[in-house]
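These notes concern the structure reproduced below.
Worth knowing before you read on, the calculation uses all heavy atoms, side chains too, and leaves out hydrogens, waters and symmetry mates. Indexing begins at 1, ligand by ligand and atom by atom, following the structure's order.
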Amino acid sequence: MGIFTSEKRNLIVILQKKLMKIKTASFVISNTDISKCPQDGKPEYAFIGRSNVGKSSLINMLTNNKKLAKTSGKPGKTQLINHFIINDEWYLVDLPGYGYAKSSKTNRAEWEKFIVKYLTKREELVNVFVLIDSRLEPQKIDLEFMNWCGEKQIPFSMVFTKIDKLSSSLLQKNLAKYKKEMLKQWESLPPVYTTSSESKFGRERLLNYIEQINLAIEEQS
Ligand code: GTP
Ligand code: MG
């Protein structure tokens with residue numbers, strides 16, 4: 001006799017079937033020019049947020065490959081638009097962070113230009129994951145960025161990162177503060193995810209979300 005009842009076992013089989021498998025994940029191209037991004041029309045999911053929030057680490061966590069996207073303890077590591085092809089079907093896109101105090105004004109202006117162009121003009125971009133450090137109080141720069149996405153009608157979801165670094169009660173408190181702050185500007189909240197690249201918490205939910213969007217796109221075409 002095993003630990004599981006047959007009902008539980010069936011449920012586990014169903015859940016396993018539902019989880020999207022990452023069969024292949026590889027780097028394709030880095031650039032600052034959207035005309036040089038891949039032209040095959042496959043859907044893409046971009047990761048954005050303050051420098052050091054954990055964008056590159058999250059891409060590695062989702063793909064189970066610690067070396068795919070370059071990460072660093074120092075902010076400002078990712079400088080370009082980086083495309084990674086997944087299962088030969090869709091892209092994860094790693095972007096440079098915003099709000100890096102040490103970058104020069106010219107650098108920041110450049111960031112604005114090519115990222116704004118990427119976010120507003122790239123037709124293949126189906127969802128932006130806005131990463132937010134779960135340890136912090138709501139930050140003006142993140143709220144402003146999400147408002148800007150709203151104005152430009154860029155679909156986004158909120159992803160709280162590094163949840164391994166705080167207690168679950170503090171996490172709940174911080175999430176509640178964020179939601180309250182967002183609801184001052186928005187009628188409803190976008191999808192909200194909590195993640196840890198250390199413990200891999202949140203991996204299944206995020207991958208399932210991507211899978212649902214991919215399926216919806218396939219059905220439309
Ligand atoms: P830029 O490319 O500079 O904009 O940064 P980024 O947002 O890509 O952050 P990156 O993934 O390079 O991670 C920054 C630092 O945070 C690294 O030292 C990571 O190891 C650490 N880090 C990222 N995610 C997590 C997490 O979920 N938990 C913990 N404990 N550390 C994390
Ligand atoms: Mg990075």
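Here the heavy atom of the protein found nearest to atom 29 (C) of ligand 1 is Glu198 CG, 3.4 Å. Regarding atom 12 (O) of ligand 1, its nearest protein heavy-atom neighbour is Ser72 N, 3.0 Å. Scanning all protein heavy atoms for the shortest distance to atom 5 (O) of ligand 1 gives Asn52 N, 2.9 Å. Remark: minimum distance from atom 30 (N) of ligand 1 to any protein heavy atom is reached at Asp164 OD2, 2.8 Å.
For the Mg ion (ligand 2), the set of nearby N, O or S atoms under 2.8 Å includes none belonging to Ser57. Within the coordination shell of the Mg ion (ligand 2), defined by N, O or S atoms under 2.8 Å, Thr78 is present.
Applying the 4.0 Å criterion to heavy atoms of Gly97 picks out, from ligand 1, the atoms 4 (O). Those atoms of ligand 1 that come under 4.0 Å of a heavy atom in Gly73, given as number and element, are 18 (O). Taking a cut-off of under 4.0 Å to the non-hydrogen atoms of Ser56, the atoms of ligand 1 that pass are 8 (O), 11 (O).
When the heavy atoms of Arg135, Lys165, Lys74, Arg50 are ranked by distance to atom 31 (N) of ligand 1, first place goes to Lys165.
Under the 6.0 Å cut-off for aromatic ring centres, Phe160 and Tyr178 qualify, their centroids lying closer than that. A centroid separation of 6.0 Å or more is found between the aromatic rings of Trp148 and Tyr98.
By the criterion of a heavy-atom distance under 4.0 Å, both the backbone and the side chain of Ser57 are placed next to ligand 1.
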